[in-house]
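To find a chain, count down the sequence lines: A is the first, B the second, and so on, and within it residues start at 1.
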Amino acid sequence: MAGFLKRWIVGSLAVVWLALGGGQAAGAADFPTKPVEMTVLFGGTANTIAQVLSKLMTDKLGEPVVPVSRPGGGGAVGYAFVQGSRPDGYNIVWNSNSINTSYHTGKIPFDYSAFEPIAQVSKETPALAVPADKNWKTLGDMAKAVKAMKGTLKVGISGKGSFTHLTSAALFDAMGIGDKVRYISYGDGKAPIELLGGRIDAAIQWPGQFESYAAAGKLKVLAVTGKERVNLLPDVPTATEQGFDIDITMWRGLAAPKGTPANVIKTLQDAAKAATESPEFKSAAEKLGFTPAYLDAQAFGQEIAKDDTFYKKLLGSLSMTN
Amino acid sequence: METLYQAALLSLTPWAIGAVGLGTLIGIIFGSIPGLTFTVALALALPITFGMDTVPAIGLLLGTYIGGMTGGSVSAILLGIPGTPSAAATVMDGYPLTKQGRASIALGTAVIVSTLGGIFSLIVMMISVNLVSKVAIEFGPAEIFALVLFGMSTICGLSGSSMIKGLIAGTLGLMIMTVGIDEIDGVNRMTFGVVNMLQGVNLLVAMIGLFAIPFVIEVFARHARGEGEKNETRSLRVELPSLRLLGRNSWLITRCSAIGTVIGAIPGTGGAIAAFLAYDHARRFSKTPERFGRGAIEGVVAPKTANNAVTGGTLIPLLSLGIPGDPATAIVLAGLKIHGVTPGPSLFMNSESVVYGIYIAVVIAYVFILLIQLGGIRLFVYVLRIPQQLLAVIILVLCVIGAYTIRNSVFDIYTMAVVGVGAWVLLRVGIPTTPVILGMVLGPTLENEFRTAMSLSEGHWNIFYTSPVAMAFVGLAALVVVLQSFSELKLRRKAKFAEKSNA
């Protein structure tokens with residue numbers, strides 16, 4: 001009996017040793033050997049892109065990439081989950097500018113440097129819409145009219161500190177009408193009907209939300225805030241084209257906890273690249289209204305760091321930093 | 001006519017019909033099992049549709065949505081555990097009916113009136129989508145606030161014996177929902193510096209805790225005391241509601257269909273408020289309001305009709321304005337977009353055949369619902385024959401799984417447990433839990449719309465009293481409160497009188 005027990009203990013210790021030491025060494029060499037969990041922080045478009053992406057990455061990696069939705073806290077809950085997980089590449093996060101804004105508004109106690117960038121995948125460009133009955137054809141018209149008008153311009157945003165709020169603040173500052181604007185917080189997505197109902201004067205939201213209204217002539221889209229025009233609204237000029245120098249887009253990409261081995265990052269980066277450049281991803285992009293925008297890990301890291309400085313300053317000027 | 005024919009060709013293929021049927025079945029299963037929710041089912045079904053053609057894909061999603069909305073009443077009636085927040089109103093009379101051994105009649109009635117409500121709202125949508133969406137646009141923050149306030153007033157009718165206890169419960173619901181990030185100013189509230197608290201209390205997680213956990217605790221307690229089960233649930237006859245019963249309620253069905261359609265058409269409201277308003281409406285206009293809460297079939301008819309009339313109603317803002325009414329329709333919206341269908345005003349100009357295809361899919365979904373649910377009653381009722389203590393173990397497991405899967409959060413399991421034990425304590429001291437769920441459903445909308453309205457008007461109250469629509473709803477809410485207070489006083493006087501005459 002004692003002999004059996006001893007053998008059993010030695011045997012199980014060997015198994016544990018293999019699982020811990022041997023397992024990890026092998027894991028880094030041939031990654032992946034089990035499903036990769038991709039934490040998704042938001043619903044809506046973010047979630048749908050993640051689902052498409054994970055399906056395409058699965059084809060490339062040979063192991064399933066599973067999108068797991070961990071919403072809440074403006075992304076804080078999901079970031080905290082992935083940041084606290086083991087840095088072996090099996091837990092990655094579908095991240096966005098929210099890593100910078102969440103940190104600077106005090107939602108999470110760590111910043112972007114708690115993660116290793118894997119790859120940038122997509123970009124979404126906000127658009128500014130006004131009711132069709134306004135006589136503004138360009139941003140210049142709008143700036144002139146707003147400067148001359150009495151009272152304030154009512155601008156719909158998703159919520160204070162949200163991406164649409166920050167974009168609005170930057171754009172209206174560039175137009176020189178920042179002090180004539182009053183922000184009205186709505187939940188996500190209701191801006192188009194508030195514009196139609198005439199309760200607000202302008203709103204910045206995603207092109208996909210305005211597309212149908214613009215086509216029906218019910219709303220006018222004056223500008224997009226990125227450096228390039230967007231496919232959904234090809235006739236809408238950028239703010240830069242109209243002489244107001246801003247470039248704000250919402251990037252999305254993948255990141256892993258700090259300390260994930262470089263070869264694992266490389267494998268994931270290559271899978272993301274193949275997925276992003278596939279025709280399926282491009283067709284989904286056209287329908288959902290985003291732009292595939294692959295950047296490798298290094299370039300993505302620089303982009304995040306650059307953005308971090310920008311949002312720190314912008315949030316500071318809105319006195320929203322923590 | 002040409003487009004209708006084209007749409008029929010696309011959506012009446014075996015493949016498309018099968019997709020709707022599959023969706024409906026998934027929806028009913030997830031909706032009817034306590035703990036599992038059909039919002040999760042929709043999220044799981046969405047990636048499956050990526051590889052499908054447009055029409056079957058949309059059919060699958062719509063089937064899941066509609067099946068889930070209907071299926072939520074099954075466990076509400078059989079076990080007193082609603083499968084969706086909007087089925088919570090059905091518990092009030094559906095569960096007492098089961099205790100009287102009339103579960104199959106309640107289930108059958110629920111399915112049939114759900115279908116009637118759903119088809120009614122679909123017809124309204126087909127003939128008046130333009131008009132209704134124009135009206136919906138006029139509903140700004142002030143109007144929606146007033147409507148939700150009116151919805152809150154139905155707490156009076158859900159309180160059972162004491163209005164004060166109902167109000168305590170409703171207020172608890174309102175308070176729970178303030179935990180987390182405040183959407184409007186982006187600040188943390190009552191999170192105590194804990195990251196997981198930032199996600200707040202999810203409505204579905206709390207709903208599972210509120211209804212399922214007290215059930216489980218009660219059953220275990222009874223088993224521990226060595227008490228047998230109540231006999232009524234054992235005497236089961238499978239019988240369907242008679243045509244006479246439906247005929248008697250046809251006017252109620254029509255009114256509740258209208259309530260559901262109107263509420264569904266207003267963005268940002270949804271099924272629960274419609275169901276509660278309809279329930280309150282039925283009770284208030286009944287000649288025998290005292291039967292409500294004790295197993296009145298009208299108490300099942302009203303909320304179920306309105307609940308499913310919402311399905312047609314929500315399609316109006318979804319398709320014509322591109323605005324989802326709740327998390328479930330938000331997933332349907334994502335499904336439409338990924339298949340190249342962009343809801344909004346131009347949808348009706350550019351792709352009419354898709355719109356007709358959606359109408360047809362809704363009708364097919366209801367046909368499947370009738371077939372599956374009426375055929376399944378025998379099976380559903382069989383659940384009651386399982387010894388309750390075993391059933392309670394299964395339900396507990398499902399609740400833990402269900403609470404976790406909503407947001408893949410272990411923290412939510414703890415939340416569910418805390419809410420559940422709290423609900424059990426409330427029930428012990430005689431405070432009803434249904435108003436808690438009402439407070440939770442309406443609380444965030446009530447608060448956010450109020451604050452948005454006040455920021456629109458720069459802090460002036462005139463935004464409320466200059467809007468006739470808002471004033472009408474506020475007036476209705478006040479009327480309900482006054483009427484309820486009077487009848488409460490009358491009851492109390494009667495009770496006193498009875499005491500005196502007894503002595």
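- Nearest heavy atom pair, residue Ser346(B) against residue Ala216(A), reads N-CB, 4.3 Å.
- Applying the ring pair (Phe, Tyr, Trp, His ring centres under 6.0 Å) definition to pairs two or more places apart or across chains, those involving residues 201-220 of chain A are Phe163(A)-Trp206(A).
- Using a 4.5 Å cut-off between heavy atoms, Ile200(A) contacts chain B through its side chain alone, with no backbone atom that close.
- No more than 12 heavy atoms of other residues, nucleotides or ligands sit less than 6.0 Å from atom NZ of Lys218(A).
- Shown here are the ring pair (Phe, Tyr, Trp, His ring centres under 6.0 Å) partners of Tyr404(B), two or more places apart in sequence or in another chain: there are none.
- A heavy-atom distance below 4.5 Å is not found between the side chains of Glu183(B) and Ser162(A).
- Nearest approach of Ala284(A) to Ile338(B), heavy atoms of both residues: CB-CD1, 4.1 Å.
- Between the CZ atom in Arg70(A) and the CZ atom in Arg407(B) there is a gap of 12.5 Å [rounded to 0.5 Å].
- Taking CG of Leu321(B) as the reference point, atom CG of Leu196(A) lies at 7.5 Å (rounded to 0.5 Å).
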Residue pair Gln51(A), Leu46(B): steps toward the side-chain contact (heavy atoms from CB on, under 4.5 Å) verdict: CA-CA 9 Å; Gln51(A) 285 175 324; Leu46(B) 181 59; 3.3 Å; yes
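- Residues of residues 34-47 of chain A never come closer than 4.5 Å to chain B when only heavy atoms are counted.
- The structure places CZ of Arg451(B) at 12.5 Å from CD1 of Ile184(A), a figure rounded to the nearest 0.5 Å.
- A donor-acceptor pair is defined here as one N or O able to donate and one able to accept, closer than 3.5 Å; such a pair exists between the side chain of Arg182(A) and the backbone of Ser455(B).
- Contact between Phe139(B) and Arg199(A) at its shortest, heavy atoms only, is O-NH2, 3.6 Å.
- Comment: Glu458(B) does not engage Lys154(A) in a salt bridge, judged by the lack of any side-chain N to carboxylate O separation of less than 4.0 angstrom.
- Side chain of Lys55(A) to backbone of Pro47(B): a donor-acceptor contact under 3.5 angstrom is found.
- Listed by chain and number, the residues in a ring pair (Phe, Tyr, Trp, His ring centres under 6.0 Å) with Tyr79(A) are Phe115(A) (sequence neighbours excluded).
- For chain A, no part of Pro444(B) is nearby; none of its heavy atoms comes within less than 4.5 Å.
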Applying salt bridge (charged side-chain N to carboxylate O under 4.0 Å, His left out), run through Glu449(B) and Lys190(A) and close with a yes or a no. CA-CA 12 Å; Glu449(B) 299 294 339; Lys190(A) 275 181 78 182; 3.3 Å; yes
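- One distance of note links NZ of Lys160(A) with CG of Asp185(B); it measures 5.5 Å at 0.5 Å rounding.
- Ranked by heavy-atom pairs shorter than 4.5 Å toward chain B, the options Gly72(A), Ser54(A), Ala80(A), Ser212(A) are led by Ser212(A).
- In the displayed structure, Lys312(A) atom NZ is contacted under 6.0 Å by at most 12 heavy atoms of other residues, nucleotides or ligands.
- In terms of non-hydrogen atom pairs under 4.5 Å with chain B, the most contact-rich of Pro71(A), Gly197(A), Gly74(A) is Pro71(A).
- In plain terms, the two heavy atoms of Lys107(A) and Ile181(B) that are nearest each other are CE-CD1, 3.2 Å.
- The greatest number of non-hydrogen atom pairs below 4.5 Å with chain A, out of Gly322(B), Pro141(B), Ala330(B), Ser409(B), is found for Pro141(B).
- A side chain to side chain contact (heavy atoms under 4.5 Å, CB included) with Ser69(A) is found for one member of Val40(B), Ile406(B), Asn408(B) and no other, namely Asn408(B).
- The minimum heavy-atom distance between Asn188(B) and Gly106(A), with the atom names listed, is ND2-O, 4.4 Å.
- For chain A, no part of Leu333(B) is nearby; none of its heavy atoms comes within less than 4.5 Å.
- Note that CG of Leu56(A) and CZ of Phe50(B) are 9.5 Å apart. Values are rounded to the nearest 0.5 Å.
- Other residues, nucleotides and ligands contribute only 12 or fewer heavy atoms inside 6.0 Å of the NZ atom of Lys60(A).
- Contact between Tyr186(A) and Thr452(B) at its shortest, heavy atoms only, is CE2-CG2, 3.6 Å.
- Looking at Asn448(B), there are no atoms closer than 4.5 Å to chain A (heavy atoms on both sides), in backbone or side chain.
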